[in-house]
Amino acid sequence: MTSSPVGVAADAASSPLLRNLNPEQLAAVTAAAEPALILAGAGSGKTRVLTTRIAWLLNTGQVSPGGVMAVTFTNKAAKEMQTRLATMLPFNVRGMWIGTFHGLCNRFLRAHWKLAHLPQAFQILDASDTTSAVKRVIKAMKLDEERFVPKQVGWFIAGCKEDGQRPGDVVVHDEQTRKLAEIYANYEDQCQREGVVDFAELMLRSYELLRDNPAVREHYQNRFRHILVDEFQDTNKLQYAWLKMFAPPGSAHGQSLLAVGDDDQSIYAFRGARVGNMIDFEREYRVQRVIKLEQNYRSFGHILDAANELISRNSQRLGKTLRTDAGQGEPIRVQESPSDFAEAQWLIEEIQHLHRGGLDRKEIAILYRSNAQSRVIESALFNSGIPYRVYGGLRFFERAEVKHALAYLRLLENANDDTSFLRVVNFPTRGIGAKTLENLQDAAKATGRSLYQSVSAIAGKGGANLLAFTNLIDSTRNLTQGMTLREIIEQVLQTSGLLDFYRTDKDGAERLENLDELVNAAEAFVMQEGFGKNAVGLPVDETAQPGTPGAVPDAETGEIMSPLVAFLTHASLEAGDNQAQAGQDAVQLMTVHSAKGLEFDAVFITGLEEGLFPHENAMSDPNGLEEERRLMYVAITRARKKLSLSFCQTRMLHGQTRYHIKSRFFDELPEDALKWLTPRNQGFGSGFAREYQNAWDRGSGLKGMVGAGRVEKAAWVEPPVPASMKQKVSEEHGGLRVGKGVFHTKFGEGVLLTLEGAGADARAQVNFGRHGTKWLALSVAKLTPID
DNA sequence: TCATCAATTGGCCAC
DNA sequence: CAATTGATGA
């Protein structure tokens, strides 16, 4: 191949790789080796462009596999890129650094564990591990857990890390932050002592390593000629800073950083994503040309019209309009239902109709803003016998029994991992209670050692059982020397007593299946990663898959970590599929967030009501509202052929009936593209569903079917009415009725949610839609009923 | 005094 | 589902 970066047009005709690309895509694929920003609209063939560019760079000899780094946000995206590349290239793609931010950071830290001041077999805390670790710190500091909610403190710490702040850098402006910084400091000490890192730490630690070690930095800047970043709009401050370490603006090494993103699909501000990174990138790297991919290959015209019109209401966009050659297609259908129950029924009918019409069920997606909304839909689907799959429940590696097993495995590698220690020290129960553990923790704190190390110190009081536990761990560790990963896990399941426990547990059958599945997963992992049979301590071998996240040779010695450590890492970073039930033709249920990146023939967006979508917590500030609008944009653009929007007048939420008005987003869609299935502007809530019940778990009708695929074991039980619901509340006041519409001179139309008190004290709660939900004193506010 | 088990309660936006 | 509470037994 004689091609060069210049003379692209000639290439296009000759190279089969570049055939069938549209001009925009071609420009992106063959962009010069300099900083570039690709604005890739939904369904514009972004992944194809990314992979084709990598293949083109390699085929034209502009870069070698080792000089490519491609970063994504999800494991799924990384995997897809790898598979696609594998079909395009004649050689093994494993050598390239293709992975998620966290996956690549892990690989980096594994290679430089000494420089990073980490133990070689450091373990990774997932979200729930992090919360429980934070909780332990808060407890040890004897702080009030009401005031310092572990989860929130965890967010605070993650936020600090994403801003590159260590405890000393936290700006303290009040007592609360001072304490938070103190918790952060102690948390950090604790993690260091235990040899564990959380997700944010993976990023920050590798960033700091590069920042503080010029030689290492030079090495990598020399190595990676082409860095490609997917979903750039979702990067946070730290991730952008991390990228800059590899390819600083105006770098003497002349690397090319290619950022691909869509500002209109930025929906992760709540976890630190900065859309502003796109503009900063453009400025800091003096990007000469922004390439826009606006040709959409997914959806019909009406759907794109709706998406374009909606998103045009947002300010601060980089600007982009999707277009298609596919024709207008069917109009977008809009359905209004009296209740969420009725909405679910309507969905059933629609799905049955679509399915009879020849559409696969897996091509139908039901989207909602928040997880709580899935319950009603699930029960309706279940009662109708329609197979379905819920995304985003507990994933495989997050299941309690699997985490227990993993905790034992972690202790084999690193007995100082207190999180794992506490998880299983008394599970199955072996006579070690709260008091004993408290003593142990005191002893550990006094000497600054791990719980495991402190066991001998309190051997006197109740320590016999503890000693038995550490002996169990030690002997299992000895026993498993030289075993294969599969054998190790089977041994651990046996000697830990987990198998026996679940065998006697009355509903342990399913958990046993999952433990079995864990063994399978390990087996599959070993096959995939190409580990040999001899388990621990493989010999030095640079060729043995340095490309996979699991198998990273030490930067100095080249030693490859043991399959067990690799597998534990895999478990932390991948969290597993949600027991895919792959192959089954089932309707897909998920939140709008988890739908990002997916596409379906038919999409239902449900619960389009003020307060729900847009969510009430986001309505008050303009940025929040714009993010909700982007979320709606993402939802709309998931649909290929058929899109339906739906909203209800009443909905059970958090145990009470709420009255809603339709989402403002309906006013922001082109009327021409919509087809209303129900008459417009009919009266407000009919009260249809008032007596209808609490969607919460307690005594609910969905026993055992929370989470996907458990359909066959679920049983529908008519839910009892809780005492709190039986209380009669006043529903009428001077012509006003709960559930009916009201008019306020300042706030306009709303729906009356609640009436309370009497006389001068009478007050009303009204949902005014875009003005939010307000409490009003009836003696002051002028409310008039509307029909 | 401590551990265990069953019953009860709180949860309340997205990853 | 996890965390908490209260009764029961060692």
Side-chain angles (χ1 to χ4, degrees), chain A residues 73-77 100-102 126-128 130-132 135 139 145-146 149-151 154-155 158 162 199-200 231 234 236 265-273 367-375 391-395 398-401 403 423 425-439 461-466 501 505-507 511 573 575 578 590-597 607 609 611-620 624 627-628 630-632 634-635 651-656 658 694-700 702-707 710 722-724:
Chain A
F73 269 85
T74 64
N75 290 300
K76 201 179 159 208
T100 62
F101 276 102
H102 292 116
D126 68 16
S128 65
T130 305
T131 307
S132 65
K135 193 171 186 174
K139 275 215 171 104
E145 280 190 43
E146 304 265 295
V149 183
K151 216 188 244 175
W155 290 338
E162 278 157 17
F199 285 145
E231 308 277 18
D234 287 337
N236 62 35
Q265 291 191 70
S266 162
I267 55 172
Y268 287 113
F270 70 91
R271 61 171 195 203
L367 309 185
Y368 35 80
R369 174 68 235 267
S370 58
N371 273 313
Q373 288 166 249
S374 76
R375 299 270 167 88
Y391 276 67
L394 267 195
R395 287 190 289 238
E398 292 165 353
R399 298 182 152 273
E401 61 277 19
K403 290 207 78 167
R423 174 177 280 276
V425 66
N426 198 35
F427 190 93
T429 52
R430 37 177 83 88
I432 301 165
K435 196 69 206 172
T436 309
L437 287 176
E438 205 176 296
N439 290 337
K461 31 191 173 178
N465 291 336
L466 275 173
F501 177 85
D505 194 59
K506 61 173 160 35
D507 20 61
R511 298 184 183 266
L573 288 175
N578 317 331
M590 68 193 81
T591 63
V592 180
H593 279 93
S594 42
K596 187 168 168 212
E609 295 137 40
L612 212 68
F613 199 0
H615 196 273
E616 52 195 347
N617 297 0
M619 293 193 313
S620 46
E627 175 134 332
E628 294 292 306
R630 290 192 291 268
L631 203 46
M632 182 64 185
V634 168
R651 178 177 292 279
M652 283 303 302
L653 221 53
H654 310 144
Q656 51 178 211
R658 301 215 320 193
N694 191 336
W696 260 160
D697 267 354
R698 185 183 317 136
S700 92
L702 288 171
K703 280 206 173 86
M705 67 178 293
V706 183
R710 311 248 322 94
S724 62

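First the proteins, then the strands, lettered A, B, ... as listed; each starts at 1.
Rounded to an integer number of Å, the gap from NZ of A:Lys596 to C1' of B:dA14 is 12 Å. The CG-P distance, from A:Leu367 to B:dC15, rounds to 12 Å in whole Å. The NE2-P distance, from A:His593 to B:dC13, rounds to 13 Å in whole Å. Rounded to an integer number of Å, the gap from A:Met590 CE to B:dC13 C1' is 17 Å. To the nearest angstrom, C1' of C:dA2 lies 11 Å from NZ of A:Lys151. When rounded to the nearest whole Å, the span between CZ of A:Phe73 and C1' of B:dA14 equals 15 Å. The CZ atom of A:Arg375 sits 10 Å away from the C1' atom of B:dG11 (whole-angstrom rounding). Residue A:Tyr391 contributes atom OH, which lies 24 Å from atom P of B:dC13 at whole-angstrom precision.
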Short heteroatom pairs, N/O only, protein and nucleotides 4-8 of chain B, under 3.5 Å:
{"unit_1": "B:dT4", "atom_1": "OP1", "unit_2": "A:Gly431", "atom_2": "N", "d": "2.8"}
{"unit_1": "B:dT4", "atom_1": "OP2", "unit_2": "A:Asn426", "atom_2": "ND2", "d": "2.9"}

Contacts under 3.5 Å, N or O only, protein and nucleotides 4-10 of chain C:
none

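A:His102 and A:Phe199 have tilted rings, their planes meeting at an angle from 30° to 60° on a 0 to 90° scale.
Taking 4.0 angstrom as the limit, A:Asn371 places a side-chain polar atom (N or O) nearer than this to OP1 or OP2 of B:dC15.
Every residue meeting the side chain to side chain donor-acceptor pair (under 3.5 Å) condition with A:Asp126, not counting sequence neighbours, appears here in chain and number order: A:Ser128, A:Lys403. Partners of A:Glu162 according to the salt bridge (charged side-chain N to carboxylate O under 4.0 Å, His left out) rule, which considers only residues two or more places apart in sequence or in another chain, do not exist here. Here A:Phe501 pairs with A:Phe427 under the ring-ring contact (aromatic ring centres under 6.0 Å, His included) rule; sequence neighbours left out. In this structure, A:His615 has no ring-ring contact (aromatic ring centres under 6.0 Å, His included) partners at least two apart in sequence or on a different chain. With sequence neighbours left out, the salt bridge (charged side-chain N to carboxylate O under 4.0 Å, His left out) criterion links A:Lys151 to no other residue. Legend: residues meeting ring-ring contact (aromatic ring centres under 6.0 Å, His included) with A:Tyr368, ordered by chain and number and at least two apart, are absent. Checked against side chain to side chain donor-acceptor pair (under 3.5 Å), A:Glu609 has the following partners two or more places apart in sequence or in another chain: A:Arg651, A:His660.
B:dG11 sits 13 Å from C:dT5 when the P atoms are compared, rounded to a whole Å.
Note that CG of A:Asn426 is 8.5 Å distant from OG1 of A:Thr436, once rounded to the nearest 0.5 Å.
The residue A:Phe270 sits close to a base: some heavy atom pair falls under 4.0 Å.
Comparing B:dC15, B:dA3, B:dC13 by their closest approach to the side chain of A:Lys435 singles out B:dA3. Set against B:dA14, B:dC13, B:dC2, the side chain of A:Thr436 has B:dC2 as its closest nucleotide.
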